[in-house]
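A short write-up of the structure that comes next.
For ligands, and for the atoms within them, numbers begin at 1 and follow the listed sequence.
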Amino acid sequence: MWIVPETAIADLMTPEAAFDAVEQVFAAMSRGDARNFPVIREAIGHADAIYGFKSGFDRAGLNLGLKSGGYWPGNVAKGLTNHQSTVVLFDPDTGRPRALVGGNLLTALRTAAAAAVSVKHLARTDAKVLGIVGAGHQSAFQMRAVAAERGFERVIGWNRDPAKLARLSRTAADLGLPFEAVDLDRLGAEADVIVTVTSSFAQILTSAQVRPGTHLACMGTDTKGKQEVGVSLVSRAAVFTDEVAQAVTIGECQHAVAAGHLDAGAITELGAVINGTAPGRTSAEQVTLFDGTGVGLQDLAVAAAVVDLAMARGVAIEVPF
Ligand code: NAD
């Protein structure tokens with residue numbers, strides 16, 4: 001069995017490799033070649049932790065396995081990341097464990113890659129202004145990945161706590177893009193592409209604030225009850241997702257579906273757009289919205305890619321098992 005520890009991932013994995021892995025697995029899901037299995041997520045009654053796992057099988061990429069981990073709120077005080085995840089890959093022919101891979105950085109890279117894939121396939125090609133709502137851990141990864149997909153000329157951002165906006169301005173500076181902190185009215189009025197990546201449980205951005213032609217990648221809502229944008233914005237948009245079953249239960253679509261404003265059948269898998277079996281954006285004025293809920297197959301795809309990279313560079317650790 002191969003081990004690729006968390007500390008090795010940063011030197012191995014790139015946003016480009018994550019993008020390719022995620023685009024391919026979304027396409028495989030839509031062809032029926034890859035399937036996510038039901039998600040387990042439980043409060044364990046210890047250390048206030050939420051623990052769970054996401055698993056699946058990609059018959060095209062031959063990736064079988066799971067990402068296990070969750071949220072340990074006391075970790076920061078111990079000098080550790082609150083979100084913890086580890087990927088285990090299995091040989092689909094024998095069921096034997098193939099690799100154990102650190103999943104923390106990979107989670108951020110695969111989540112950002114999903115938003116970037118949506119921008120590649122759904123945003124207007126003339127998009128110039130990138131808007132980011134949220135300035136937490138994920139936000140910098142989101143900005144880097146999405147900025148690569150269009151000729152953006154500037155970045156604007158909003159965060160509930162303005163003190164944290166420094167993360168966005170630093171990241172934009174690294175990318176050579178000017179950054180400005182704005183209110184939500186300006187963000188919606190000026191941005192061509194908007195990424196929302198917060199842990200909010202109530203709408204932040206409303207339909208009235210968003211102008212025609214905008215593409216939104218709503219990445220923060222991955223749990224029942226979370227919400228980032230208004231129901232009327234979701235029902236106004238052409239809606240795409242990684243997986244419809246997750247979008248209607250734990251994704252941004254859950255609220256519009258529960259309110260009877262959106263039918264699950266009206267939500268398109270991004271993989272179908274990638275495969276050319278469903279239309280993406282159909283007009284320059286259309287608002288498109290990608291509900292990125294985060295599926296286990298994304299984790300397996302980036303973990304398999306990093307194992308290949310680690311083996312090619314001779315840095316994967318082999319252990320008899
Ligand atoms: P973080 O804790 O580092 O940052 C949280 C962000 O949310 C901050 O910007 C904070 O100001 C903002 N926020 C919190 N409550 C808010 C509220 N009520 N109104 C407005 N803003 C609020 O978290 P992170 O690691 O950056 O993750 C952000 C979100 O993305 C989380 O909800 C996380 O669960 C989700 N996530 C989704 C996926 C996916 O695949 N879709 C993957 C990883 C993380």
Side-chain angles (χ1 to χ4, degrees), residues 18-19 21-22 25-26 29 36 39 41 49-54 56 67 69-73 75-76 80-85 87 103-118 131-146 157-171 181 183-184 187 194-206 209 216-230 240-243 245-247 249-254 270 289-302:
F19 183 101
V22 168
V25 82
F26 283 171
M29 281 165 58
N36 292 292
V39 174
R41 197 172 155 86
I50 305 285
Y51 165 81
F53 52 91
K54 290 183 164 182
K67 178 171 86 168
Y71 188 73
W72 274 259
N75 274 7
V76 162
L80 299 168
T81 311
N82 283 352
H83 291 274
Q84 288 293 326
S85 48
V87 180
N104 292 349
L105 178 57
L106 286 182
T107 298
L109 289 169
R110 65 79 147 146
T111 306
V117 171
S118 84
I132 309 273
V133 175
H137 178 67
Q138 304 290 331
S139 62
F141 293 91
Q142 289 286 329
M143 193 195 299
R144 283 182 198 284
V146 167
W158 178 90
N159 193 51
R160 185 178 59 168
D161 172 8
K164 291 198 179 140
L165 284 164
R167 176 181 264 132
L168 298 185
S169 63
R170 267 197 318 269
T171 310
D183 62 25
L184 287 167
L187 190 128
I194 299 174
V195 176
T196 61
V197 65
T198 72
S199 35
S200 174
F201 279 81
Q203 66 170 23
I204 300 171
L205 202 60
T206 64
Q209 288 167 319
L216 295 111
C218 297
M219 307 307 297
T221 298
D222 57 357
T223 303
K224 193 168 168 50
K226 281 188 186 170
Q227 183 176 16
E228 298 192 288
V229 304
F240 303 83
T241 189
D242 40 23
E243 189 184 82
Q246 284 202 173
T249 50
I250 59 167
E252 195 60 44
C253 291
Q254 61 181 291
L270 184 55
L289 186 150
F290 173 64
D291 182 358
T293 65
V295 294
L297 284 168
Q298 279 171 265
D299 299 301
L300 306 189
V302 290

Quick check against the 3.5 Å criterion: does [X] have a side-chain atom that pairs as donor or acceptor with the backbone of [Y]?
| X | Y | answer |
| --- | --- | --- |
| Glu252 | Val229 | yes |
| Asn82 | Tyr71 | no |
| Glu228 | Val197 | yes |
| Thr198 | Gly134 | no |
| Asn75 | His83 | no |
| Ser200 | Ala202 | yes |

Have a look at Thr293 and tell me which of Glu243, Gln246, Gln254 forms a side-chain hydrogen bond (donor to acceptor under 3.5 Å, both in side chains) with it.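 Of Glu243, Gln246, Gln254, side-chain hydrogen bond (donor to acceptor under 3.5 Å, both in side chains) with Thr293 is met by Gln246 alone.
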Give the atom numbers and elements of ligand 1 that come within less than 4.0 Å of a heavy atom of Lys226. 31 (C), 32 (O), 33 (C), 34 (O)
Atom indices of ligand 1, in the order listed, that fall short of 4.0 Å to a heavy atom of Ala135: 9 (O)
Any nitrogen or oxygen of [X], side chain or backbone, less than 3.5 Å from one on ligand 1?
| X | value |
| --- | --- |
| Asn159 | yes |
| Gly292 | yes |
| Gly134 | no |
| His137 | yes |
| Asp161 | no |
| Gly220 | yes |
| Gln138 | yes |
| Thr221 | no |

Hey, does Met219 sit under 4.0 Å from ligand 1 if you only count heavy atoms?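 A heavy atom of Met219 does come that close to ligand 1.
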Would you name the heavy atoms of Arg167 and Ala135 that are closest together and state the gap between them? NH1-O, 2.9 Å
Would you kindly specify which portion of [X] sits under 4.0 Å from ligand 1, judged on non-hydrogen atoms: side chain, backbone, both or neither?
| X | result |
| --- | --- |
| Gln298 | neither |
| Arg110 | side chain |
| Asp222 | side chain |

Look at [atom] and say which protein heavy atom is nearest, naming residue and atom and giving the distance to 0.1 Å.
| atom | answer |
| --- | --- |
| atom 5 (C) of ligand 1 | Ser199 OG, 3.5 Å |
| atom 18 (N) of ligand 1 | Arg160 NH1, 3.3 Å |
| atom 12 (C) of ligand 1 | Thr198 CB, 3.7 Å |
| atom 4 (O) of ligand 1 | Gly136 CA, 3.3 Å |

Take Leu289 and Phe240, measure what side chain to side chain contact (heavy atoms under 4.5 Å, CB included) needs, and give me the verdict at the end. CA-CA 6 Å; Leu289 186 150; Phe240 303 83; over 6 Å; no
Take the angle between the ring planes of Phe26 and Phe290 and call it parallel below 30°, perpendicular above 60°, tilted in between. tilted
Hydrogens and angles aside, do Gln209 and Thr206 bring a side-chain donor and acceptor to less than 3.5 Å of each other? yes
Give the single entry among Thr111, Asp299, Ile204, Thr81 that approaches atom 42 (C) of ligand 1 most closely by any heavy atom. Thr111
Proximal candidate to atom 28 (C) of ligand 1 [heavy atom criterion; set Val197, Ile250, Leu205]: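 Going through Val197, Ile250, Leu205 one by one, Val197 has the nearest heavy atom to atom 28 (C) of ligand 1.
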Matching residue for Ile132 among Leu187, Val146, Leu168 - test: side chain to side chain contact (heavy atoms under 4.5 Å, CB included): Leu168
Enter the distance from Leu297:CG to Met29:CE here, rounded to the nearest 0.5 Å. 6.0 Å
Atom 2 (O) of ligand 1 touched by protein (heavy atom, under 4.0 Å): no
